[in-house]
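Input: a single structure, listed below in C-alpha cells.
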Number of protein chains: 2
Amino acid sequence: MARSDIPDIVIGRLPIYLRALTRLQQDGQEITSSHELGKQLGISSAQIRKDLSHFGEFGKQGTGYNVASLSSALQQILNVHHEWQVALVGIGDLGRALAHYGGFAHRGFRITHFFDSDPHKIGQAINGTPIESVDSIAEKLRRDNIKIAMITTPAETAQEVADRLIEAGIKAILNYAPIVISVPDEVRVQYIDPVIGLQRMAYYLED
Amino acid sequence: MARSDIPDIVIGRLPIYLRALTRLQQDGQEITSSHELGKQLGISSAQIRKDLSHFGEFGKQGTGYNVASLSSALQQILNVHHEWQVALVGIGDLGRALAHYGGFAHRGFRITHFFDSDPHKIGQAINGTPIESVDSIAEKLRRDNIKIAMITTPAETAQEVADRLIEAGIKAILNYAPIVISVPDEVRVQYIDPVIGLQRMAYYLED
DNA sequence: TAGATTGTTAATCGATTAACAATC
DNA sequence: TAGATTGTTAATCGATTAACAATC
C-alpha cells in the first residue's frame, strides 16, 4: 500500500504502539497481543490489528505478536530505525530543557544544531555544541542536510523562523510556539502547546 | 446542549479558535469571519461554524464575528475565564522550564504547587514557592482544592505519581512522561511527548 | 438594493467496531 | 484436539463538507 494511501490518523497511532512495545521489551516481555496492547493504551484491539494490517502481517494466529520484531517493524515503517539530526531554534528555558532531554536518543532523534538571535547566547555551548546565529540557519542546515527542526521561540518570531527553516530545506517542524504557522504543502508541522491540553480538560471540570 | 453531548473532538478545537482570536485581538482586529479564521488555521469555514453552533449563535449574517465577544464566549465555555491553580510534579529541566513559562498566565492557569521526591530539591524555592515532598501531595492539594496537575517525572514514576494525584482529588492531568497512565473514568489525561510528533512526521520523510 | 456571511440541513466521506473464518 | 488470536470483511457509527435560506 502506497505511503500516501494510508490515513494520517493511523500513522499518528504507530508511535504510540512503538512506545508501548519498547516498554514491554524493556520489561523483558517477548510476546504480546492486540488485546493486551489495546487494554494498556485504551484502544480497541480491532483498531490495532486494522492499523497494522495496512503495512503487512506481523502476528501469528493463536499467539499474538513478537514484541521485538513488531517493534523493529514499526521503527522501519516510521523511518526511525536510524538517527535523524534535528535543529533547535530558540534557546530559552524550554530549548535548554529539550537540549538536555535524554528521551530523544533511543527513539530516532538527536539535536545537533542550535540557533538563537540573541548575541549574548550565540557562541555559548550546549552539550559541547556552540549556539549559532539564526542568520546562518540556511547555510548550516543545507550543508548538513538537516530535514527536521524544532521551534521554541516566542510566538512573535515563529513564522519568520519557519520561513528561514523552509528556505533551508527543512521538511518537518515541531512547533512549540503557540501559533499556527503557514508552510508549503510538502512541509509537515506538529504542534505542542500545553495550554491547549489544559483548556481542553478545563471544559469538563466543575467550576 | 448538554456538556456530555458535544463531541470531544469539537472541544479540542475550541482552544485553537480561542488562541487565534486572542492573537487577532492583540493585533487590534475587531471583526473576523469563519472564512478568515479557517484560512489562518487550516480548517474549513463550515467546520468552524458547525463547531460554534453547538454552543449558541455568536455571529451576525453578512458581517461575521466580533473578535472580543467570541473570544470571551469561548473562555466561558472552556471554563478558563478565571484562573485555575495547577500542581507540578517533577522538578527537572522541563519542570523548571514550565515553571518559568510566561504563557500560562493569561490563558487561565497558574502553577502554584511544586513537588519532587529528591530531598536535595525539597525546600528549594521556585518563583518564591518552596518545592514540597511528593509525600505531601494528598494533603496539600486537598487543602487547596487543586483539580489540575502536570507530571514531568521520568516514565518509571509517572503511574505512581498519577495514583497519588488521583487520591488527592485531581481531575485533569497533563502528562509529559512518555507513558500511557491508567486513571478512573472521571479523570482526564492529555499527553505531551515531543518524540511522538517527530516520529509521526519522520514517516513522511525520504530517507 | 447588492453583497457577504451566518446557522443549519442533508449528503458525503471516512473511521471504528463487531464478527468470524483461518490457523497457530 | 481445544483454545486463542490474527487478519479481514461488512456494518455501524460519527465527523466533515457542500449548499442554501435567512438576514445583516
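The figures here come from the full heavy-atom set of this structure, side chains too, leaving out hydrogens, waters and symmetry mates. Per chain, numbering begins at 1; letters A, B, ... match sequence-line order.
Within residues 63-75 of chain A, the residues having any heavy atom under 4.0 Å from DNA chain D are, by residue number, T63(A), G64(A), Y65(A). Taken residue by residue, residues 37-53 of chain A places heavy atoms nearer than 4.0 Å to DNA chain D at R49(A), K50(A), S53(A).
Taking atom CD on E57(B) and atom P on dC24(D), their separation rounds to 10 Å, with Å as the unit. For K60(B) and dT5(C), the NZ to P distance is 14 Å, given to the nearest whole Å. Going from atom NE2 of H54(A) over to atom P of dG7(D) covers 13 Å, rounded to whole Å. Straight-line distance from the CD1 atom of I31(B) to the C1' atom of dT5(C): 12 Å, rounded to whole Å. dG14(D) atom P lies 12 Å from atom CG of D5(B), rounded to whole Å. If you measure from atom CD1 of I9(A) to atom P of dG14(D), you get 14 Å, rounded to the nearest angstrom. Taking atom NE2 on H35(B) and atom C1' on dA19(D), their separation rounds to 12 Å, with Å as the unit. Taking atom CZ of residue F58(B) and atom C1' of nucleotide dC24(D), one finds them 18 Å apart after rounding to whole Å.
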(message) Between D144(A) and T112(A), does the side-chain contact (heavy atoms from CB on, under 4.5 Å) criterion hold? Intermediate values first, please.
(response) CA-CA 10 Å; D144(A) 295 342; T112(A) 52; over 6 Å; no
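Of the two residues near DNA chain C, T32(B) and D8(A), the one whose nearest nucleotide lies more 5' is T32(B).
Between D193(A) and R107(B), some side-chain heavy-atom pair lies under the 4.5 Å cut-off.
A parallel orientation is assigned to the rings of F115(A) and H113(A), their planes being inclined by less than 30° (bins at 30° and 60°).
Shortest non-hydrogen contact noted between G197(B) and Q190(A) is O-CG, 3.7 Å. Here the closest heavy-atom approach between residue Y191(A) and residue I181(A) is recorded as OH-N, 3.1 Å.
Taking only side-chain atoms of R13(A), from C-beta outward, the nucleotide of dT16(D), dT16(C), dT6(C) with the closest atom is dT16(C).
For dA11(D), the paired nucleotide is dT16(C), the pair qualifying as Watson-Crick or G-U wobble because both relevant distances are below 3.5 Å. In this entry dA22(C) has dT5(D) as its Watson-Crick or G-U wobble partner, both defining distances falling under 3.5 Å.
A salt bridge links R23(A) with E156(B): the closest approach of a Lys/Arg side-chain nitrogen to an acidic carboxylate oxygen falls below 4.0 angstrom.
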